[in-house]
Number of protein chains: 2
Amino acid sequence: MSTETEPRWRRLEPDQRREQILDCAIRLFGERPYAEVSTTDIAREAGVARGLINHYFGSKRGLYLEVVRRMVTVPIADRSAVPDGSLAERVEFSVDWLLDVISARGKTWVAVLGTEGVGNDPEVERILAEADEMAAENLVRTVGMRDAEPAGAELRALVRAFGGMVKAAGREWITHGTLTREQVQLVLTEQLTALLGETFPHLQRM
Amino acid sequence: MSTETEPRWRRLEPDQRREQILDCAIRLFGERPYAEVSTTDIAREAGVARGLINHYFGSKRGLYLEVVRRMVTVPIADRSAVPDGSLAERVEFSVDWLLDVISARGKTWVAVLGTEGVGNDPEVERILAEADEMAAENLVRTVGMRDAEPAGAELRALVRAFGGMVKAAGREWITHGTLTREQVQLVLTEQLTALLGETFPHLQRM
DNA sequence: AGTTGCTATTGACAGAGTGACAACAACTTG
DNA sequence: CAAGTTGTTGTCACTCTGTCAATAGCAACT
């Protein structure tokens, strides 16, 4: 008879275990609202003791913030493929790339950023603000508007505002199916072109 | 010596008490996130026994949904004052009215819709979707695009997407102060004009 | 004024969830 | 194989939520 000394649990590298718990948390937080997800649920999902969550993330809230941070991070554009054409062409390229990103995340993206809840959460707000800022910065670079440097702050504010429409249009497309990708592409391209080509110059003369 | 039989608590009409609790809940939920607000806090703020909250709203979540519903409801535009001019003029009027509404709610509005959290909450989503739908419907009527009836669904989807930009621009103005009201006015007016006058016709030919 | 009835409101209780921490066990190293 | 390292567990104390029977404000009617 074999002395089956099969261990009751496996000991993982901290990074691996962290990642595993984070994955489960992302899934569960994506399914139902914060208060409806207990750390017990997450622990069970990860096949782990509940206390381990506190060990790695301090508190439930800490884990949640980590989830938000993870989900909101947008990949940086590969600018090597950006065409050198007119503003309209570069904008079209950028929008297309944006929609690719949204499409890739698909349901998860929507499930995560789809709901605007009530409740002032400075920490979450900061994370999202930073993400929006990076996305805006990135978009500005991609369409090559760097020459407008002096009014950079206003330009980025404009683009962040545009980001709101991107998200809303994305929801119309992905979740509600009221617009096709082609339609969203058209709308966002025309709007962003007008924003950068027309409105922005007007704004600078105020 | 007077037989001071001062009552320990006053008995209110259900509607009044409901309203009072709701007011306190709105204030507190506007200050910190859902999980950080306990029903004990709300009860104390309202000077009321905790159990009463459950009596009126069933659960903490029920109260929360009521708060969201209340905060998200946008007053109907007074169409009697809408000018009969060009599309651009009507759009300008509508945007101005929108900004008035946002301005009136001010910090509260932002505190409420400012944070996009993570977590799929169908109920909250439904409430917000309905509110957006009503706002879009209202805006479409105000700018007098009712003639575009056959493509009403797409038009409203477009306007809902635009609503995303309204919110984002409002945040830039109210909370971050990166744009002035005049700038936001200009941006939204031009964008909406282009959306309705240019992009929408283009969209119909797809 | 005293009594009665209705119901808004309270207070206590049970169950569930969270965070802290000491003890344990899987794995590494010599 | 022994000893140390540390990832992991399980329990304890505390807080929060929802339920419910008991209480008390108030109006109506003697």
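Each chain gets a letter, A, B and so on, in the order its sequence line appears, and its residues count up from 1. Just so you know, these numbers use all the heavy atoms, side chains as well, and skip hydrogens, waters and symmetry mates.
Separating the CD1 atom of A:Ile53 from the P atom of C:dT18 is a distance of 9 Å, rounded to the nearest angstrom. Following rounding to the nearest Å, A:Gln16 (CD) and C:dC27 (P) show an atom-to-atom distance of 12 Å. Rounded to an integer number of Å, the gap from CG of A:Leu63 to P of C:dG17 is 16 Å. Rounded to a whole Å, the CZ atom of A:Arg61 is 17 Å from the C1' atom of C:dG17.
Listed by chain and residue number, nothing satisfies the ring pair (Phe, Tyr, Trp, His ring centres under 6.0 Å) test with B:Phe57 (two or more places apart in sequence, or in another chain).
A salt bridge is defined here as a Lys NZ or Arg NE, NH1 or NH2 lying under 4.0 Å from an Asp or Glu carboxylate O, and B:Asp121 with B:Arg126 fails to meet this definition. Electrostatic pairing of A:Asp100 and A:Arg181 counts as a salt bridge here, judged by a charged N lying under 4.0 Å from a carboxylate O.
Of the inter-residue distances, the one linking A:Thr39 atom OG1 with A:Arg50 atom CZ reads 4.5 Å to the nearest 0.5 angstrom.
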Protein proximity profile, nucleotides 2-15 of chain C - base contact B, sugar-phosphate-only contact S, no contact -, cut-off 4.0 Å on heavy atoms: ----BBSBBB----
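Residues A:Leu98 and A:Leu188 have side chains not in contact (no heavy-atom distance under 4.5 Å, counting atoms from C-beta outward).
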Using side-chain contact (heavy atoms from CB on, under 4.5 Å), reason through B:Arg160 and A:His176 one step at a time and then give a plain yes or no. CA-CA 12 Å; B:Arg160 282 196 301 271; A:His176 301 105; 5.6 Å; no
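Taking 4.0 Å as the cutoff to heavy atoms of chain A, we find the contact window on DNA chain D bounded by D:dT5 to D:dT11.
Residues B:Tyr34 and A:Tyr34 place their aromatic rings such that the two centres sit no closer than 6.0 Å.
Of all heavy-atom pairs between A:Leu158 and A:Leu195, the closest is O-CD2, 3.8 Å.
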